2 protein chains.
Amino acid sequence: MDSEDLTGAQSLAAFAALANPHRLRILGALADGRQYVSLLARQLGMSRPLLHMHLQKLQAAGLVAGELELSEDGKAVKYFETTPFSLHVTPQAIKALVPTLPEAADRKETD
Amino acid sequence: MDSEDLTGAQSLAAFAALANPHRLRILGALADGRQYVSLLARQLGMSRPLLHMHLQKLQAAGLVAGELELSEDGKAVKYFETTPFSLHVTPQAIKALVPTLPEAADRKETD
DNA sequence: CTCACGTGTCAGTAAATTCTTACATGTGTC
DNA sequence: GACACATGTAAGAATTTACTGACACGTGAG
């Protein structure tokens with residue numbers, strides 16, 4: 001995922017997802033490799049429902065991806081990993097993305 | 001301002017500042033050049049107190065800088081401009097910045 | 001003096017985010 | 001059957017963020 005391909009709404013979701021210390025630590029932990037939810041919660045010292053919520057936001061922003069697998073002993077285990085995102089944030093990049101923001105787009109269409 | 005120089009807290013403030021459509025439009029408008037508050041509020045169609053609040057957040061995050069000047073006819077006018085920031089956001093970059101997050105630092109110091 | 005223009009700030013409300021507790025499901029083992 | 005482990009989700013409280021409206025100040029022009 002590259003900065004240039006993102007719309008305003010997608011960038012907004014990505015920035016919002018990054019604007020939280022828990023989610024940064026989740027991304028940091030997943031940068032080394034994939035991990036499943038319950039173990040990740042124990043490693044980071046947070047409750048599983050809370051981690052679940054944060055992972056949902058990261059996934060909605062396209063920063064992580066999860067896949068449900070069956071372990072050898074038959075249990076369902078959900079692994080998450082980071083997507084190979086690369087955002088380059090500069091004033092000019094933001095200016096280029098402003099016309100694709102939801103509100104601005106609405107204004108252009110409906111006027 | 002370069003990504004590598006930022007601490008966790010500073011990155012967090014920057015991401016939080018970027019996670020708002022109004023603030024992206026403010027940055028987009030200032031990417032072309034400096035502007036003063038009242039005129040910028042009219043251009044963007046938002047109230048001046050609201051713009052003031054957003055500019056405070058952008059300034060606290062180090063994304064814009066403001067300087068108070070006296071116009072030719074003696075009035076105090078405050079101009080804002082973008083700082084030349086350049087953030088490169090990748091999973092590895094985030095991992096490197098996790099140890100400098102406030103909570104993690106506290107935990108390391110106080111244990 | 002009043003008006004128009006610039007600045008900043010405070011109080012209150014509306015809305016979104018964050019977090020905990022408790023519940024539900026399914027599988028393998030003792 | 002009861003336990004340990006995995007999954008997901010829903011309700012409610014606490015906190016933070018976003019926004020409006022009203023107020024303050026100062027200057028130059030009519």
Side-chain angles (χ1 to χ4, degrees), chain A residues 8-9 12-27 30 34-61 63-81 101-104, chain B residues 8-9 12-27 30 34-61 63-81 101-104:
Chain A
L12 221 41
F15 291 142
L18 292 167
N20 181 290
H22 282 170
R23 289 195 286 268
L24 289 185
R25 285 198 274 123
I26 292 168
L27 287 172
L30 293 180
R34 64 210 297 268
Q35 192 53 274
Y36 69 95
V37 182
S38 289
L39 182 52
L40 189 57
R42 288 193 292 269
Q43 286 176 351
L44 296 176
M46 70 175 80
S47 73
R48 196 173 51 76
L50 183 56
L51 175 60
H52 185 268
M53 191 251 291
H54 285 311
L55 284 170
Q56 290 302 313
K57 284 210 168 180
L58 288 168
Q59 187 170 36
L63 302 181
V64 305
E67 36 190 344
L68 192 63
E69 298 183 5
L70 275 79
S71 62
E72 296 182 356
D73 56 338
K75 290 174 185 166
V77 184
K78 188 156 192 181
Y79 281 90
F80 275 90
E81 63 190 338
L101 284 173
E103 302 182 37
Chain B
L12 221 42
F15 291 142
L18 292 167
N20 181 291
H22 282 168
R23 289 195 286 267
L24 290 185
R25 285 198 274 122
I26 293 168
L27 288 172
L30 293 180
R34 64 211 297 268
Q35 192 53 273
Y36 70 94
V37 182
S38 289
L39 182 52
L40 189 56
R42 287 194 292 270
Q43 287 176 350
L44 296 176
M46 71 175 80
S47 72
R48 197 172 49 78
L50 183 57
L51 175 60
H52 184 267
M53 193 250 293
H54 285 313
L55 284 171
Q56 290 301 314
K57 285 210 168 182
L58 288 168
Q59 187 170 35
L63 302 180
V64 303
E67 37 191 343
L68 191 63
E69 297 183 6
L70 276 77
S71 62
E72 295 181 358
D73 55 339
K75 290 176 185 167
V77 185
K78 187 154 192 180
Y79 281 91
F80 275 90
E81 63 190 339
L101 283 173
E103 301 182 38

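All values reported here derive from a predicted model rather than from experimental measurement. Reminder, nothing fancy here: chain letters follow the sequence lines and each chain counts from 1.
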How many whole angstroms separate atom [atom1] of [X] from atom [atom2] of [N]?
X	N	atom1	atom2	answer
A:Lys78	C:dT25	NZ	C1'	15 Å
B:Met53	C:dC10	CE	P	14 Å
A:Tyr36	D:dT7	OH	C1'	12 Å
A:Leu55	C:dC19	CG	P	13 Å
B:Leu40	C:dG6	CG	C1'	14 Å
A:Leu68	C:dT25	CG	P	18 Å
A:Arg48	D:dA10	CZ	C1'	13 Å

Margin query: Parallel, tilted or perpendicular, judged at 30° and 60°: which one describes the rings of B:Tyr79 and B:Tyr36?
Written below: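 Judged by the thresholds at 30° and 60°, the geometry between B:Tyr79 and B:Tyr36 is perpendicular.
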Check: Is A:His54 touching bases, backbone alone, or none of the nucleic acid, heavy atoms closer than 4.0 Å?
Finding: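 Result for A:His54 = sugar-phosphate.
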Checklist line | A:Arg23 side chain to A:Ala16 backbone, donor-acceptor under 3.5 Å | finding: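 Yes.
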Next item on the list: Respond yes when some side-chain nitrogen or oxygen of B:Ser38 is under 4.0 Å from OP1 or OP2 of C:dC5, and no when none is.
Entry: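 Answer no for this pair, as no side-chain N or O of B:Ser38 is under 4.0 Å from OP1 or OP2.
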Note to self: For A:Arg34 and A:Glu69: C-alpha separation, side-chain torsions, deciding distance, then whether salt bridge (Lys or Arg N to Asp or Glu O under 4.0 Å) applies.
What the structure shows: CA-CA 12 Å; A:Arg34 64 210 297 268; A:Glu69 298 183 5; 2.6 Å; yes
